[in-house]
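For reference, the structure is listed below as structure tokens.
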Amino acid sequence: MVNGESIFILLFVVATAVAIAGRWLRLPYTVALVLAGLALGSVRLFPAPELTRTLLFSIFLPGLVFEAAFHIDFQEFWRNRVTIASLAVPGVFASIILTVVVLTPAIQTITGRHDFRWPIALVFGALIAATDPIAVIAIFRTLGVPRRLAVLLEGESLLNDGTGIVFFTLSLALASGGTSIGAGNLAVQFLSVVGMGAAIGCAIGLLSSLLIRHIDDPMIEITLTTIAAYGSFVAADELAYSGVIATVAAGMVCGNIGARTGMSASTRVAAETFWEYVTFALNSVVFLLIGLEIHISTLLSSWLEIVAAYLVITIARSLVILTVWGTLRTTRERFPANWAMVLAWGGLRGALPMVLVLGLPESFPFRSMLVSMTFGVVILSILLHGLS
């Protein structure tokens, strides 16, 4: 019988082998990991650890989000603030609404089930809204694409992880009939959850940066960044605010203040190397787990619903990107039309939607269909977009 510790060692062995093979075959690392996970899952060599909300939110998400935020230059982020904010807040909201409007009648037609109502589609639209550009950013770094394009895609993803989770929480409350949410109340709750999350993250990031400035010990300074990453997430989450937004804020503060003004050059290199490895390790495990969680036979039985959902969310994102591109054409933040195509196609879905859908109550209507649709969309997104 393979125990939990042995399974994670096996996962790292597989991840190392995949990394070597991926370089040789010139495959994006995350795509190769998912393919390896699918292969392992089909032969069932060992039982896969369950990809739970607690596992992702307690271990994977804070580290991945913090590392991405830690490396973002705040001045570049601020110069593109309108574009990033437009994509991450009204863009996500518009994408959710478009998904609801089109997907509700589409699923009703495909399945013949007219009890698939818009609140259920709203939950699906919210949980699938957040993008995960890890594979795309890795390709960007390899190809040396314009820095601003990478900032737009990564900055949007950092924020829409948080806004997507907030919209999902509110949508689930509405669909479950536990509360009646008006437009005004929805806006107030959204601003409160996001705003307080950002405030908590900034406070913890500033405190960590202040301590880093007065300490000259690389190990302690790196430890302080780790505390900021996970402490900001836990603090905001415990207070019912956005943990993801808190970690984004803490990461940007630590990266732009703590690292640049408080760390020596050698300590800064050590901190960046540490967080790059953390990202490699976490990504290796989480993308393998995605592949292991997916049962091909289950997806094939729901292929029509999956294709419909994939087409709807892909078209919805493209329309949102084109709208933002057209709106900003006469402003200082305008960007080329071919960038709009890259941003639209670069909106991969990753582990977060899968964890959110697995966290739905067992009694939630159409839960099994939503799980199949989500897993199918994630796989199509990673394989089709990541490979192309």
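Nothing here was measured: the structure is a model prediction, and the numbers come from that model. Side chains included, hydrogens not; waters and symmetry mates left out as well; all remaining heavy atoms used.
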* **Arg148 bridged to Glu76 by N-O distance under 4.0 Å** => no
Would you call [X] and [Y] a side-chain contact if the rule is heavy atoms closer than 4.5 Å?
X	Y	value
Val123	Phe364	yes
Ile212	Ile257	no
Asn283	Phe60	no
Leu383	Leu35	yes
Leu191	Met196	no
Phe57	Phe233	yes
Phe168	Leu172	yes

Any side-chain to backbone donor/acceptor pair from [X] onto [Y]? Under 3.5 Å, distance only.
X	Y	result
Arg113	Ile107	no
Ser95	Gly91	no
Trp325	Phe335	yes
Arg349	Val377	no
Asn256	Met252	yes
Arg81	Trp78	yes
Thr109	Pro105	yes
Ser157	Glu154	no

If you count the non-hydrogen atoms of other residues, nucleotides and ligands that lie under 6.0 Å from [atom1] in [X], is the total more than 12?
X	atom1	value
Arg117	CZ	no
Arg23	CZ	no
Arg260	CZ	yes

* Asked: Can a donor-acceptor pair be found between the side chains of Ser264 and Asp216 at a distance below 3.5 Å?
  -> no
* Any side-chain donor near an acceptor of the partner, Ser86 and Thr83, under 3.5 Å -> no
If you look at every heavy atom in [X] and [Y], which pair is closest and at what distance?
X	Y	answer
Thr247	Ala229	OG1-O, 3.5 Å
Ala36	Leu288	CB-CD2, 4.0 Å
Ala246	Ser232	CB-O, 3.6 Å
Pro90	Ala85	CD-O, 3.3 Å
Asn160	Thr163	CA-OG1, 3.1 Å
Leu158	Val65	CD2-O, 3.6 Å

Mind checking the [atom1]-[atom2] spacing from [X] to [Y]? Nearest 0.5 Å is all I need.
X	Y	atom1	atom2	result
Glu221	Thr223	CD	OG1	9.5 Å
Leu64	Ile59	CG	CD1	11.5 Å
Trp118	Gln108	CH2	CD	13.5 Å
Glu156	Ile321	CD	CD1	5.5 Å
Leu159	Leu87	CG	CG	10.0 Å
Leu322	Arg317	CG	CZ	11.0 Å

Could you check whether the rings of [X] and [Y] sit parallel, tilted or perpendicular, using 30° and 60° as the cut-offs?
X	Y	result
Tyr310	His385	perpendicular
Phe77	Phe74	parallel
Phe167	Phe93	tilted

* **Evaluation steps, side chain to side chain contact (heavy atoms under 4.5 Å, CB included), between Val278 and Glu67** => CA-CA 8 Å; Val278 168; Glu67 189 275 340; over 6 Å; no
* Asked: Should Leu352 and Ile165 be marked as a side chain to side chain contact (heavy atoms under 4.5 Å, CB included) after you check the CA-CA gap, both sets of side-chain angles, and the distance that decides it?
  -> CA-CA 9 Å; Leu352 182 58; Ile165 291 171; 4.0 Å; yes
